[in-house]
Every structure is written in C-alpha cells, then in structure tokens.
There are 2 protein chains.
Amino acid sequence: MIEITDAAVLTRLRDFLATTDLPDDGRLPPERELAQSLEVGRGALRKALATLQSEGVVWRHVGKGTFTGERPIDTVADVNAMVQRTNPLEVMGARIAFEPEVARCAALYATAGQVAEMRNCMLKAQQAPTWRQYEQWDNKLHRTIGEASQNSLLLGLLDTLNAVRRAVTWGRLRDTPLRPPADHHSFEEHARIVAAIADRDGAGAADAMRRHLRSVESHMRDRL
Amino acid sequence: MIEITDAAVLTRLRDFLATTDLPDDGRLPPERELAQSLEVGRGALRKALATLQSEGVVWRHVGKGTFTGERPIDTVADVNAMVQRTNPLEVMGARIAFEPEVARCAALYATAGQVAEMRNCMLKAQQAPTWRQYEQWDNKLHRTIGEASQNSLLLGLLDTLNAVRRAVTWGRLRDTPLRPPADHHSFEEHARIVAAIADRDGAGAADAMRRHLRSVESHMRDRL
DNA sequence: AACCAAAACCAATTCAAGATTGGTTTGGCG
DNA sequence: CGCCAAACCAATCTTGAATTGGTTTTGGTT
C-alpha cells in the first residue's frame with residue numbers, strides 16, 4: 001500500500017489551491033468531491049483542511065461549504081443585541097452625540113434638491129392630522145439630513161440608530177392628543193436646522209440639531 | 001343595483017379592523033379574500049386600503065401582504081450592505097464625525113479603571129513589535145474610549161463602524177516597515193486624547209480625537 | 001487493541017418549484 | 001366614461017429535496 005502522510009495531503013491540497021481557478025466567491029469543491037479528486041480519504045482531507053482553517057487560509061461552514069480568504073463578518077443580530085442592552089435615555093444620549101455631527105456634514109454637502117425635500121418634510125409635518133403622520137415626516141426629515149451628508153456609512157449608522165430607537169421607545173404615544181399643536185416646539189427647531197443647512201453653516205446646523213434633541217429629551221423626561 | 005360609495009367601503013373596512021382579531025403579526029387577509037368577505041369589489045377595497053395606508057394605519061408590500069401598524073424598518077444592521085456601498089474615504093469621514101463625540105462622552109463618564117486601561121493600551125501600542133500588534137492595541141484603545149462613554153448604544157454603533165472599517169480598508173499594511181517608529185505621530189495624539197479624558201475635558205477630548213483622526217486621514221491619503 | 005477508511009447519520013444551509021400577494025393591465029358591459 | 005372581473009406581473013413566502021461540513025458507527029486490516 002502506498003504511504004500517504006498527513007503532510008503529503010497538505011501539500012497536495014495547497015497545490016490544488018495554487019493551481020486551480022476558483023469561482024468568484026472563492027468556494028472550493030465539497031469535501032467528498034475534493035477527496036476523490038485528490039485521491040485521498042475524506043478524513044485525511046479534513047485534517048489538512050483543518051490546518052488551513054487554523055492558518056486562516058480558508059474558512060468553512062456547515063451547509064455553505066469551504067471558502068478561501070477570511071470569513072465575512074455577520075452582524076445581523078447586532079440591532080437586537082443593542083436593543084436589549086440599551087434604554088430610552090441612552091438612545092437620546094446617542095442621538096445628541098451623533099445627529100448634530102451628521103447635520104454638520106449635511107450642511108457642507110446637501111444638494112438643493114435635498115434641502116427642498118427637508119422643507120417639504122417640515123411642511124408635511126406641520127400639516128399632519130395625526131401624531132403618527134407627524135412622526136413619519138419627522139423621521140423622513142431626519143433621514144434626509146442623513147442622506148445629505150453624502151456619506152453612506154453615516155447614513156447606515158443613522159439607520160441603525162433609528163432602528164434601535166424605534167424598537168426601544170416602543171409604545172409611548174398611546175392616548176396622546178389627536179394631533180401636534182400648531183406651536184409644537186419642534187417646528188421652529190426644525191426650521192432652524194434646515195435654515196442652517198441651507199446656509200452651509202455647519203456649526204449652526206450642529207448646534208440647532210443639538211438644541212432640538214435636548215428639547216425633545218426634556219419633553220420626554222417630563223412625560224415620564 | 002345597490003349603490004356603494006367609496007366612503008361606505010372605507011367605513012366597512014375600518015369596522016372590520018375594529019371588530020376582527022388579527023394574528024400576532026397584524027396581518028390582515030389578502031385583498032381578494034377581504035373583498036369577498038366585505039362584499040365589495042377588489043378595486044373599491046384597494047381604494048380604501050390606499051387611504052388607510054396614506055393615514056399610516058396599515059402598510060403593504062407585494063408578496064408579503066397588508067399589515068396594521070407601522071412598516072418595520074429593516075432591522076438588519078447589514079454591515080455587508082454598508083461595506084459594499086462605502087469606501088475608505090467615507091469611513092474616515094464617518095470616524096471624524098462620530099468618534100470625537102464619543103470621546104466627549106467618555107471624558108464625562110470614564111471611570112478611573114477605564115482611564116488606566118487606556119494608558120495601558122497606549123503603552124502596549126508603543127512597545128508593539130509589529131504593525132499588526134500595534135493596530136490591535138490601537139483598536140482596543142479606541143474601543144475602551146467607547147466603553148467609557150457608558151452608553152451601550154454608542155458603543156454598539158462604534159463597533160459597527162469598526163466592523164465596516166476593517167472590511168473596507170483591505171490591503172492597508174502591505175510593504176510597510178516592520179514596526180511603528182518610535183516617533184509615530186499617533187503616540188502623542190493618543191496621549192492628548194487620554195489626558196483630556198482624564199481631565200474630564202469633554203471639548204478637549206473631542207478636539208484631540210478630531211485632530212488625531214485628521215492626522216490619520218492625511219497619512220492615509222499620502223500613501224495612495 | 002489500535003488504527004483507518006468507508007459508510008451512515010446529523011444539522012445547517014442552499015436550491016428549485018409552486019403557491020400567495022399587492023399592483024397593473026385588459027376586455028367587456030353598461 | 002365608469003366600473004368590475006379576469007388575467008397577468010413581479011416580489012415574496014412556503015415547502016421539500018438536495019448539498020455540505022461535522023460526527024458517529026461499522027467493518028476490516030495490521
């Protein structure tokens with residue numbers, strides 16, 4: 001019988017990786033096929049693959065297969081994890097830290113169309129016949145500001161923050177008055193933010209956003 | 001033929017929503033069923049549903065169905081999606097916008113133990129024999145600052161940002177010298193940040209962090 | 001007994017085909 | 001023209017079989 005050492009299997013496997021054209025996703029054939037192709041027992045192949053995996057050359061997962069390169073990060077459950085650890089006060093703290101800087105970027109890069117959309121959101125929010133619709137337009141306003149930063153990563157983080165916010169402040173505006181009053185504090189605060197953005201005043205936009213969120217926070221505390 | 005106005009259909013629909021027990025997910029029957037059940041044409045029902053949707057009472061999506069309440073945002077903080085849309089420049093922009101404010105919070109709330117850990121990270125980074133280990137301690141320093149903000153949501157967002165950063169800045173430390181030079185610009189910048197945090201100087205910490213990241217950014221541009 | 005390889009089994013994942021579902025178009029009937 | 005039912009469309013869900021890495025069992029060889 002021909003002697004095949006573990007090292008020899010490893011060499012064959014490395015050779016295979018070096019000489020074979022892998023598909024775009026870097027996936028290599030399943031264990032069973034590869035073992036036959038390399039004329040090696042499956043167990044021996046698995047040992048070699050385990051070595052390569054510990055070296056970080058490949059990564060593998062049941063049902064998926066074996067791939068070259070580094071294992072892609074998956075942070076799907078992140079939002080849920082954040083939701084469980086945090087609380088409404090922390091959410092407001094994060095908003096106060098984060099959103100003013102987003103507004104500052106937005107002031108630098110917002111297009112005329114985006115400013116127009118912000119104004120539209122403000123108008124629709126003021127005319128909203130219900131709190132639900134007011135909030136919808138308020139959300140869209142804040143997200144438009146995020147889009148205006150022209151930074152898809154900042155926008156992504158803002159979306160994550162909002163996802164957590166909605167999950168955390170769950171069921172707070174029950175039995176509130178039917179619609180926002182005409183002198184609702186947010187209206188003027190929104191106007192100041194948008195005006196500063198339109199003026200390309202980064203510091204002013206950040207300041208106005210910070211004041212707005214502080215105001216929201218204080219009203220939130222009052223309600224508790 | 002019996003006359004059925006649009007308003008009457010809307011009333012029947014609202015009545016149905018008020019009297020019917022919906023499943024947990026708030027899904028209501030498909031259009032075709034509901035139309036038959038309410039003894040109304042599908043077109044007429046669609047009009048009424050469109051009204052409810054504009055009011056925010058229900059939301060709908062092809063293939064999914066019609067649901068009461070607000071449309072859930074994609075709770076998936078899909079890092080991979082962000083990675084595909086963004087680029088290294090955006091990542092730095094987001095860091096410059098975000099991390100200084102995290103440092104500001106950290107200055108307000110950091111414990112003595114956390115400050116000590118920051119100093120330890122700085123020391124280990126200076127003594128690091130390889131770039132890889134330097135980066136490891138640099139990462140830990142920045143994360144400790146995030147922990148010191150005492151805001152788990154800020155920390156979660158920072159982690160998300162870092163996950164994107166690692167995935168995006170592929171191939172950064174190729175053919176670099178073996179280890180960071182003793183006069184590496186980051187060392188003094190880190191020291192300023194930590195000193196400001198230890199002094200409870202929020203503005204100073206934010207400023208020092210901003211300068212540090214700008215410095216990193218400029219060095220990154222030089223390398224391109 | 002020790003070892004090894006082949007087969008069988010397991011659970012996570014993918015894949016494919018069909019059924020649902022909101023949205024749109026068409027044709028018929030007043 | 002308006003209305004409505006039917007057909008059609010594309011996105012989504014559902015279901016079951018096939019794949020795949022990981023584990024256990026089995027049977028033979030030394």
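All heavy atoms count here, side chains included; hydrogens, waters and symmetry mates do not. The chains referred to below are lettered A, B, ... by the order of the sequence lines, with proteins before strands, and numbering in each begins at 1.
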Gap between atoms [atom1] and [atom2], on [X] and [N] respectively (whole Å):
| X | N | atom1 | atom2 | value |
| --- | --- | --- | --- | --- |
| L34(B) | dT21(C) | CG | P | 12 Å |
| E31(B) | dC8(D) | CD | P | 18 Å |
| R42(B) | dT25(C) | CZ | P | 13 Å |
| R32(B) | dC8(D) | CZ | P | 13 Å |
| K64(B) | dG23(C) | NZ | C1' | 16 Å |
| L45(B) | dC4(D) | CG | C1' | 13 Å |
| D25(B) | dT12(D) | CG | P | 17 Å |
| E33(A) | dT20(D) | CD | P | 7 Å |

Task: Whichever of P29(A) and G43(B) has its nearest DNA chain D nucleotide further upstream toward 5' - done: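 Looking at the nearest nucleotide for each, G43(B) comes out on the 5' side.
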TODO: Identify whether the distance between the nearest side-chain nitrogen and carboxylate oxygen of E217(A) and R95(A) falls below 4.0 Å.
DONE: no
Open item on the list: What I want to find out is whether E189(A) reaches R214(A) closely enough, with some N-O distance under 4.0 Å, to be called a salt bridge.
Closed with: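 Between R214(A) and E189(A) there is no salt bridge, as every charged N stays at least 4.0 Å from the carboxylate O atoms.
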Open item on the list: Quick check against the 3.5 Å criterion: does R27(A) have a side-chain atom that pairs as donor or acceptor with the backbone of K64(A)?
Closed with: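 The answer is yes, because a donor-acceptor pair under 3.5 Å joins these two groups.
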Open item on the list: So does F16(A) get a backbone contact from the side chain of T20(A), meaning a donor-acceptor N/O pair under 3.5 Å?
Closed with: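 Between the backbone of F16(A) and the side chain of T20(A) there is a qualifying donor-acceptor contact (under 3.5 Å).
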Less than 4.0 angstrom between a side-chain N/O of [X] and OP1 or OP2 of [N], yes or no?
| X | N | value |
| --- | --- | --- |
| T66(A) | dT20(D) | no |
| R27(A) | dT20(D) | yes |
| H61(B) | dT12(D) | yes |
| R46(A) | dG22(D) | yes |

Open item on the list: Please compare A44(A) and P30(B) by the position of their nearest nucleotide in DNA chain C and report the one closer to 5'.
Closed with: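 This one resolves to A44(A).
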Open item on the list: Angle between ring planes, H184(A) versus W131(A), binned at 30° and 60°: parallel, tilted or perpendicular?
Closed with: perpendicular
